[in-house]
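To start, the structure under review is shown below, and the notes come after it.
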Amino acid sequence: MMKRFQGKVAIVTASTQGIGFGIAQRLGSEGASVVVSSRKQKNVDEAVEKLRAQGIDALGVVCHVSNAQHRKELVDKTVQKYGHIDIVVLNAAANPSVDNILNTKESVLDKLWEINIKTSILLLQAAAPYLWKGSSVIFISSIAGYSPQQSMAMYGVTKTALLGLTKSKAIEDKTIIGRLGTTGDMAAAAAFLASDDASYITGETLVVAGGMPSRL
């Protein structure tokens with residue numbers, strides 16, 4: 001495994017399982033010190049233990065991204081331990097079922113705005129003083145905003161514990177590649193966007209969806 005992130009520090013939100021954990025694991029395996037977070041202390045502790053067992057330098061911080069104090073503590077504890085931040089992966093998101101935008105309740109729209117957009121911007125604002133030119137900010141299925149090197153990954157359906165087998169087969173049939181995405185697929189894309197290999201990519205969207213039709 002290449003060590004593209006040796007000496008770098010990465011914050012990954014919602015990263016104790018699924019895609020977020022896969023991204024933290026990939027960045028850590030390439031040399032980064034990773035800061036993982038989620039809402040539950042138990043999940044944070046378990047994720048840190050798994051990463052450290054793989055030889056990855058990991059710090060765990062409880063963070064509900066909609067909580068201002070939690071966001072501040074996530075940044076503060078990272079800087080206290082490592083002194084700087086190089087990579088921010090904004091992976092936390094709400095994913096309510098929305099079949100028809102015209103019938104979507106206002107409360108659902110409020111939640112989508114609050115978790116998927118507003119809190120990502122606020123966390124980035126908190127981290128901004130510790131980012132330097134060349135730092136990477138990746139919004140997962142969200143928005144592309146401030147950063148010297150900014151980008152977004154739009155992910156297709158990924159095989160995680162939340163996806164049932166019946167739904168999996170129906171979605172597989174819609175892909176050109178003929179399979180669902182894995183957390184490894186998503187982590188590889190995030191690692192690319194965070195690396196110097198993507199230093200001339202900014203404000204762009206990378207679609208990682210196995211050929212599923214997409215509109216951006």
Side-chain angles (χ1 to χ4, degrees), residues 1-92 119-140 142 145-153 183 186-199 202:
M1 180 70 71
M2 294 182 293
K3 296 292 182 180
R4 293 181 291 184
F5 306 114
Q6 197 72 48
K8 294 192 174 184
V9 177
I11 292 177
V12 186
T13 62
S15 49
T16 59
Q17 57 187 345
I19 292 173
F21 182 79
I23 292 172
Q25 188 177 42
R26 177 62 183 259
L27 296 177
S29 69
E30 291 199 44
S33 296
V34 294
V35 182
V36 296
S37 67
S38 76
R39 294 177 291 178
K40 297 181 180 180
Q41 185 69 60
K42 178 177 180 291
N43 293 349
V44 169
D45 292 342
E46 290 177 352
V48 168
E49 184 178 350
K50 290 177 184 176
L51 291 170
R52 289 178 177 171
Q54 298 172 32
I56 294 170
D57 181 19
L59 170 67
V61 181
V62 171
C63 181
H64 191 312
V65 292
S66 64
N67 184 309
Q69 184 59 33
H70 282 196
R71 293 194 301 269
K72 182 178 185 302
E73 290 178 357
L74 177 60
V75 172
D76 288 350
K77 289 181 179 180
T78 300
V79 175
Q80 286 169 12
K81 183 172 176 64
Y82 298 112
H84 62 103
I85 303 169
D86 301 287
I87 300 164
V88 180
V89 181
L90 298 160
N91 178 63
T119 60
S120 292
I121 295 171
L122 292 174
L123 178 55
L124 187 53
Q125 289 176 347
Y130 307 101
L131 295 171
W132 56 284
K133 186 177 180 180
S135 297
S136 301
V137 177
I138 302 169
F139 295 82
I140 304 302
S142 184
Y146 161 83
S147 175
Q149 180 181 326
Q150 61 191 358
S151 46
M152 175 172 80
T183 55
M186 308 312 157
F192 165 68
L193 291 174
S195 74
D196 290 341
D197 294 331
S199 63
T202 186

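Since the structure is predicted, the reported quantities are computational estimates derived from the model, not experimental observations.
For the pair Thr78 and Tyr130, the minimum side-chain heavy-atom distance is 4.5 Å or more. Put simply, the side chain of Val89 reaches to within 4.5 Å of the side chain of Leu27, judged on heavy atoms. Between Thr13 and Thr119, the closest side-chain pair of non-hydrogen atoms is not below 4.5 Å. You'll find the side chain of Arg4 stays beyond 4.5 Å of the side chain of Asp196, heavy atoms only.
Here the straight-line distance linking atom OG of Ser37 with atom CZ of Arg71 works out to 12.0 Å at 0.5 Å rounding. The OG atom of Ser120 sits 11.0 Å away from the CD atom of Gln125 when rounded to the nearest 0.5 Å. A distance of 9.0 Å separates CG in Asp45 from CG in Asn43, rounded to the nearest 0.5 Å.
Counting all heavy atoms, side chain and backbone alike, Ser33 lies closest to Asp57 at OG-OD2, 2.8 Å. Of all the heavy atoms in Met186 and Ile19, the pair that sits closest is CB-CG2, 3.9 Å. Across all their heavy atoms, Leu59 and Lys77 have their closest contact at CD2-O, 3.8 Å. Of all the heavy atoms in Ser15 and Ala47, the pair that sits closest is O-CB, 4.5 Å. Scanning all heavy atoms of the two residues, the minimum distance from Gly7 to Asp86 falls at O-OD2, 4.1 Å. Contact record, Ala187 with Gly22: CB-O, 3.3 Å, taken as the closest heavy-atom pair.
Of the possible donor and acceptor atoms, one in the side chain of Arg52 sits under 3.5 Å from a partner among the backbone N and O of Ala58. The closest donor-acceptor contact from the side chain of Asn91 to the backbone of Ala14 lies under 3.5 Å. Here the side chain of Lys8 pairs no donor or acceptor atom with the backbone of Val34 at under 3.5 angstrom.
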Going through the distances and angles, do Gln25 and Leu51 end up as a side-chain contact (heavy atoms from CB on, under 4.5 Å)? CA-CA 7 Å; Gln25 188 177 42; Leu51 291 170; 4.1 Å; yes

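Here the rule is side-chain contact (heavy atoms from CB on, under 4.5 Å) with Val61, and of Asp76, Ile11, Val75, Leu74 only Leu74 fits it.
Summarising the local packing, CD of Glu49 is surrounded by 12 or fewer heavy atoms from other residues, nucleotides or ligands at distances under 6.0 Å.
With salt bridges taken as basic N to acidic carboxylate O contacts below 4.0 Å, none links Glu46 and Lys50.
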